[in-house]
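Each remark here refers to the structure printed beneath this line.
Throughout, a chain's letter reflects where its sequence line sits, starting with A, and its residues are numbered from 1.
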There are 2 protein chains.
Amino acid sequence: MTLHEVPPLSLRCGDCPIRHRAVCARCESDELQELEGIKYYRSFEAGQTIVWAEDQMDFVASVVSGIATLTQTLEDGRTQMVGLLLPSDFVGRPGLSSAPYNVTATTDVLMCCFRKTPFEEMMLRTPHIAQRLLQMTLDELDAAREWMLLLGRKTAREKIASLLSIVARRNASIRLEVAEERMVFDLPLTREAMADYLGLTLETVSRQISALKRDGVIELQGKRHVTVPDMHRLMSEAGDDSDGGILG
Amino acid sequence: MTLHEVPPLSLRCGDCPIRHRAVCARCESDELQELEGIKYYRSFEAGQTIVWAEDQMDFVASVVSGIATLTQTLEDGRTQMVGLLLPSDFVGRPGLSSAPYNVTATTDVLMCCFRKTPFEEMMLRTPHIAQRLLQMTLDELDAAREWMLLLGRKTAREKIASLLSIVARRNASIRLEVAEERMVFDLPLTREAMADYLGLTLETVSRQISALKRDGVIELQGKRHVTVPDMHRLMSEAGDDSDGGILG
DNA sequence: CGCCCATTTGATGGTGCTCAAAATTTGTGG
DNA sequence: CCACAAATTTTGAGCACCATCAAATGGGCG
């Protein structure tokens, strides 16, 4: 697995790796300059909690690098992941001061934070930000709904296959590659995190991964490095539709 | 159950029952006037499909009255409800021409439709609309995430109790009442729709409702009319937290 | 090497699904 | 108004899938 480089703690927006995908994606250079004035960077180590549920949150932020999770829990400890935050994803809710989610760094994470009040004021003046945020929120809502179908109706095997196929495709899109028959990638999640994502126990996750390996749907090098020899096969195991036309 | 009155097929925005909650909630009177120019009403009978998944959708719309559902299905027919649309809720995605959901009228439904292209253009010029839509979308995302916790981690009994408590509270808020110890309401969903909402089979829904009745958590008059003698009891059966401070 | 943690594997049981039939409600036409 | 049909809901019996509890294996790091 690649080590996580920590970028410099101050970064010009123009050089930002998430410049074209984050909440600032549509901003003009004068708008970026204004954002520079209210932004600051914070970094978190793997495993650290970024925000506790119900805590006052005086900033909103973009994930610059690393992976974080949004989780909700019941009183008796059962927990469900409700969001997976990747570089360029947005955290926090303008207009509200707290949220019922824990935000946790899964890997080392660098966040670009904006002080809440100035950001909210700027958003009212700057349609480019509000427009982009709306688009991103609608995308997240679509993703949440596909996730609901997975949680409510898929079998354990289908859930695992779905997760693998999501990670594989996302990996391709981040590297700006086209999805291919054969794909190789690293799982960014522990078995427990996968279980919380899928609404399963970690034992079931482990068993189903072993089963997919036995059946030749995937190959494993170590615990985290996955090879998918035939993406069509994996996607049909995922259940949603035999071929979403993802492959060329 | 109350019969469903069909409002007149043309309605001044100023007299609209959802005026203060829908996507137009923040509009000034001149903005409303512009909306009047691109809006038209359509009504649907209970059971009718409003939009088929993947179909071209040349409008966006607000639910004026009645209840509709958003559902996703797998090829083999398994279906999961991913949204419950109540009066003032918004349908359709600005910027995209189709969505992967079926939208179905559960009761008779009246929709206030806007032609897509004019609406999108107006949204770019009118921050009040974009701002309100963002707020509504963020609310929906929060609701979707609570729903994910329910689907992934709650037992069948907790799922039913959660649904009943959601419907009870929503009923109170629509009637502008405060939630009380004892509450009485109608279920707007069939057993099958409840099953699709909760990720269960209709048999399990029926059994768990019977069990809650046996245990005195609810009383039934007919199949749809529900009395909750003790909301605290119901909410603790729902599992999330013993008392969200909902009651006075 | 030995400890710690993540993961795998095993044995067993319970929750909720499947298949099936009965009961109840709703709608229809004579 | 009643008889009959259709649809919805309830109830029952049996089983599969996944959770639970428990122990073994493996990998990383001091």
Whole-Å distance separating the [atom1] atom of [X] from the [atom2] atom of [N]:
{"X": "A/Arg191", "N": "C/dT9", "atom1": "CZ", "atom2": "P", "result": "10 Å"}
{"X": "B/His225", "N": "D/dT9", "atom1": "NE2", "atom2": "P", "result": "17 Å"}
{"X": "A/Leu189", "N": "C/dT7", "atom1": "CG", "atom2": "C1'", "result": "15 Å"}
{"X": "B/Ile160", "N": "D/dT10", "atom1": "CD1", "atom2": "C1'", "result": "14 Å"}
{"X": "B/Asp76", "N": "C/dC17", "atom1": "CG", "atom2": "P", "result": "15 Å"}
{"X": "A/Leu220", "N": "C/dA6", "atom1": "CG", "atom2": "P", "result": "18 Å"}
{"X": "A/Leu187", "N": "C/dA6", "atom1": "CG", "atom2": "P", "result": "16 Å"}
{"X": "A/Arg214", "N": "C/dT8", "atom1": "CZ", "atom2": "P", "result": "12 Å"}

Exercise. Spell out, as yes or no, whether a donor-acceptor pair under 3.5 Å connects the side chain of A/Gln48 to the backbone of A/Glu45.
Key: yes
Self-check item: Per-nucleotide protein contact string for nucleotides 18-30 of chain D, where B marks a base within reach and S marks sugar-phosphate only (heavy atoms under 4.0 Å, - for neither)
Solution: SSBB---------
Quiz item: Listed by chain and number, what are the salt bridge (charged side-chain N to carboxylate O under 4.0 Å, His left out) partners of A/Asp139, not counting sequence neighbours?
Solution: B/Arg93
Quiz item: Can you list the residues that meet the salt bridge (charged side-chain N to carboxylate O under 4.0 Å, His left out) rule with A/Arg21, with sequence neighbours excluded?
Solution: none
Self-check item: Contact check, side chains of B/Leu234 and B/Leu164, non-hydrogen atoms, under 4.5 Å
Solution: yes
Quiz item: What do the steps show when you test A/Leu70 against B/Arg145 for side-chain contact (heavy atoms from CB on, under 4.5 Å), and what is the final call?
Solution: CA-CA 10 Å; A/Leu70 251 55; B/Arg145 284 171 168 164; 3.5 Å; yes
Exercise. Check every strand shown and say whether A/Ser206 touches a base, only sugar-phosphate, or nothing at a heavy-atom separation below 4.0 Å.
Key: base
Exercise. Would you mind telling me which of B/Thr71, B/Thr73, B/Asp196, B/Asn102 makes a side chain to side chain donor-acceptor pair (under 3.5 Å) with B/Thr79?
Key: B/Asp196
